Amino acid sequence: MSTLYVDTITEKTSGNGVQIPGHVVQVKNALKTNKQTITSTSFIDITDLSVSITPSSTSSKIIVIANLHVGHDNVNYCLCNIVRDSTAIGQPSISNLYPATMNSYTGDNVSGGLAIMNSSMTLLDTPNTTNATTYKIQARNTSGTATINGRPANGNGATVSSITVMEIAQ
């Protein structure tokens with residue numbers, strides 16, 4: 001049995017860094033700590049939940065971890081998409097009135113904006129590029145009001161939401 005001890009590994013010439021398949025190359029994160037009201041029935045960007053990453057190889061995979069807290073009024077849906085640049089990823093393959101990466105719905109028995117729901121998703125994406133790539137979360141409401149990181153009813157209840165992306169060497 002042999003043991004290899006090193007203090008530094010330096011690439012020889014490629015300029016791409018030393019990459020071991022399956023290992024994390026880089027991590028980027030965005031944290032939203034304030035509230036945002038969503039009344040739009042079209043998808044809009046959630047402020048502060050956007051992160052840019054420049055993959056070091058076209059073969060790299062990107063793990064996207066989205067964690068979102070949404071408060072609702074009445075029985076409305078808040079639909080959320082994870083978006084790469086301008087393309088929604090992680091979409092359902094079946095036809096539905098409310099297709100989205102994530103769907104936050106309080107249920108028929110919660111009214112008056114009293115609930116905060118958690119929506120979370122982990123996706124493995126293959127952007128196939130070495131250009132800067134932006135991952136973000138967008139949301140839309142079916143009607144009424146949704147509040148990111150809080151409740152529409154009043155100021156009680158405050159949370160945070162985040163998006164994290166990790167480049168995985170292949």
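Note that the structure is predicted; figures quoted are calculated from it, not measured.
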Hey, can you pull the donor-acceptor pairs under 3.5 Å for the side chains in residues 86-95, sequence neighbours left out?
| unit_1 | atom_1 | unit_2 | atom_2 | d |
| --- | --- | --- | --- | --- |
| Q91 | NE2 | N81 | OD1 | 2.9 |
| Q91 | NE2 | I89 | O | 3.4 |
| Q91 | NE2 | T101 | OG1 | 3.0 |

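- Under the 3.5 Å distance criterion, with hydrogens and angles disregarded, no donor-acceptor pair is assigned to the side chains of N149 and N34.
- Residues in residues 80-101 take part in these ring pair (Phe, Tyr, Trp, His ring centres under 6.0 Å) pairs, two or more places apart or across chains: Y77-Y98.
- Applying the salt bridge (Lys or Arg N to Asp or Glu O under 4.0 Å) definition to pairs two or more places apart or across chains, none involves residues 53-68.
- When hydrophobic residues (I, L, V, M, F, W, Y) are linked wherever their side-chain heavy atoms come within less than 4.5 Å, the members clustered with I63 are V24, V27, I65, L124, M166, I168.
- K136 pairs by the side-chain hydrogen bond (donor to acceptor under 3.5 Å, both in side chains) definition with D45, not counting sequence neighbours.
- Linking Ile, Leu, Val, Met, Phe, Trp and Tyr residues whenever their side-chain heavy atoms come within less than 4.5 Å places I62 and L49 in a single cluster.
- Here the closest non-hydrogen pair linking A146 and N141 is N-ND2, 3.3 Å.
- Here the closest non-hydrogen pair linking T126 and R84 is O-NH2, 4.4 Å.
- Using modelled atom types, no side-chain atom of H69 and backbone atom of S161 make a donor-acceptor pair closer than 3.5 Å.
- V83 and L79 sit in two unconnected hydrophobic clusters of ILVMFWY residues. Membership requires side-chain heavy atoms under 4.5 Å apart, directly or through other members.
- Pairing each heavy atom of M102 with each of A66, the nearest pair is CE-CB, 4.1 Å.
- Listed for the D85 side chain is a donor-acceptor partner under 3.5 Å among the backbone atoms of T134.
- Contact record, S162 with N29: CB-ND2, 4.3 Å, taken as the closest heavy-atom pair.
- In terms of hydrophobic clustering, with Ile, Leu, Val, Met, Phe, Trp and Tyr side chains grouped at heavy-atom distances under 4.5 Å, L31 and V165 are assigned to different clusters.
- The distance from atom CG of N131 to atom OG1 of T54, rounded to the nearest 0.5 Å, is 8.0 Å.
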* To do: Evaluate the side-chain contact (heavy atoms from CB on, under 4.5 Å) criterion for residues N118 and T159: first the C-alpha distance (whole Å), next the side-chain angles of each, then the deciding distance (0.1 Å), finally the verdict.
  => CA-CA 10 Å; N118 176 266; T159 59; over 6 Å; no
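- Side chain of E167 to main chain of S56: a donor-acceptor pair is present (N/O by atom type, distance under 3.5 Å, no hydrogens or angles).
- Partners of R140 by salt bridge (charged side-chain N to carboxylate O under 4.0 Å, His left out), not counting sequence neighbours: none found.
- Here the shortest heavy-atom pairing between F43 and P99 reads CZ-O, 4.3 Å.
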* Please walk me through it: do I148 and I137 pass side-chain contact (heavy atoms from CB on, under 4.5 Å)? -> CA-CA 11 Å; I148 307 302; I137 302 176; over 6 Å; no
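- Interatomic distance, OG1 of T133 versus CD1 of I53, reported as 8.0 Å (0.5 Å rounding).
- Between atom CE of residue M121 and atom SG of residue C80 there is a gap of 10.5 Å, rounded to the nearest 0.5 Å.
- Using modelled atom types, one finds a donor on one side chain and an acceptor on the other under 3.5 Å when comparing T47 with K32.
- The minimum heavy-atom distance linking A169 with I20 is given by the pair CB-O, 3.4 Å.
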